[in-house]
2 protein chains.
Amino acid sequence: MKATPVRLKVLEVLSTTHLALSPSELESSFSKVDRITLYRTLKDFEEAGMIHKIIDTDGVTRFAFCNNNCPDATHTEDHVHFNCKKCHKMFCLAHVQTPSLQLPDGFTSTGINTVVHGICKYCS
Amino acid sequence: MKATPVRLKVLEVLSTTHLALSPSELESSFSKVDRITLYRTLKDFEEAGMIHKIIDTDGVTRFAFCNNNCPDATHTEDHVHFNCKKCHKMFCLAHVQTPSLQLPDGFTSTGINTVVHGICKYCS
DNA sequence: TAATAAACGCAACATTGTTGCATCTGATTA
DNA sequence: TAATCAGATGCAACAATGTTGCGTTTATTA
């Protein structure tokens, strides 16, 4: 994978925020980036395990960098995210453990996606 | 809210399945229903608290009827759903309790959306 | 049965995401 | 440093999903 300007910029933005950002949010955070290129960049990063995709409470697709705080280097989706009702930002709560659940017979879990919604630290 | 054929059909389908269905799945389950009418019907039902919206692991919007099994009559989103990787169906696990989480200081929760993914009872 | 407010269905549009293809560019090698 | 070429980019075109406006139809109710 080549180190191109678009890729470096996306990595820089995602690695310096604790938020999960949508493609359109990323697009508007730097000018003159082709929408299609951005989608492809995010897809490549995701497949390379550098970022992960989360769908927020409203169905918006968002991407988050998994930084060193992340307790799980294998980037499973057992992360807890917090979606603020007011500012609509999506926070990656890396320190919050995903709880274990008791599933009905016959169901096998390979990952749990938890999205807490409410009011964030900065809006309350 | 009037009792129209479309509404009765949607209610019938949603109330007799344990799955959360997408608008397009509903559309194809009965013929000659206008797509727009279906969207409006689902929106009305959701606002009336009769069904609730869940976004699945792939970002697909789905709707589920909350039947009598549902432990919470107020229809908060503290439901646990199970998204099968194989058949892509979304099961409403009404009997599984949403676990409580320890949030960082300043964050207040008003609901938790949990989507477990894995292999369902019928695919394993 | 007549009146009417609500629901329906069509056209048109907006957003999000994907694919094909020609062009450009960053890393490698000579 | 210059040539090379796989890989990255950007444009056009398309597909899926969801919304709005508006004229017509229909379920209630009187």
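Note: hydrogens, waters and symmetry copies are ignored here, and every other heavy atom, side chains too, is used. Here is the naming used below: chain letters follow the sequence lines, and residue numbers restart at 1 for every chain.
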Nearest listed nucleotide, side chain of [X], among [options]:
| X | options | result |
| --- | --- | --- |
| A:K43 | C:dC8, C:dT19, D:dG18 | C:dT19 |
| A:A3 | D:dT20, D:dT9, C:dA27 | C:dA27 |
| A:S24 | C:dT16, D:dG18, D:dT9 | C:dT16 |
| B:T37 | C:dT18, C:dC8, D:dT9 | C:dC8 |
| B:D34 | C:dC8, C:dG17, C:dG9 | C:dG9 |
| B:V6 | C:dA7, D:dG7, C:dC8 | C:dC8 |
| A:R40 | D:dT26, C:dG17, C:dG20 | C:dG20 |

No-hydrogen, no-angle side-chain donor-acceptor test under 3.5 Å, B:T110 and A:K85: yes
Parallel, tilted or perpendicular, as decided by the 30° and 60° cut-offs, for the rings of A:F107 and B:F91: perpendicular
Rounded to the nearest Å, what distance is computed from the [atom1] atom of residue [X] to the [atom2] atom of nucleotide [N]?
| X | N | atom1 | atom2 | answer |
| --- | --- | --- | --- | --- |
| A:Y39 | D:dT9 | OH | P | 16 Å |
| B:L42 | C:dA7 | CG | P | 14 Å |
| B:K2 | D:dT29 | NZ | C1' | 11 Å |
| A:K32 | D:dA8 | NZ | C1' | 15 Å |
| B:E27 | D:dA16 | CD | P | 11 Å |
| B:I36 | C:dA14 | CD1 | P | 16 Å |
| A:K9 | D:dT9 | NZ | P | 15 Å |

Touch class at under 4.0 angstrom, heavy-atom based, for B:R35 against every strand present: base
Sugar-phosphate, base or nothing in reach of A:V60, heavy atoms under 4.0 Å: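 The residue A:V60 makes no contact with any strand.
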Greater than 12 external heavy atoms within 6.0 Å of B:F30's CZ: yes
D:dT9 OP1/OP2 closer than 4.0 Å to side-chain N/O of A:T4: yes
Residue-phosphate contact under 4.0 Å: A:T61 side-chain N/O, C:dG17 OP1/OP2: yes
DNA chain C: 5'-proximal contact among A:P5 and B:D44 (nearest heavy atom):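 Checking each residue's closest nucleotide, the 5'-ward one belongs to B:D44.
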Approximate separation, where rounding is to 0.5 Å, of A:L42 CG and A:R7 CZ: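 Rounded to the nearest 0.5 Å, the CG-CZ separation comes out at 11.0 Å.
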Backbone of B:L14 reached by a side-chain donor or acceptor of B:T17 within 3.5 Å: no
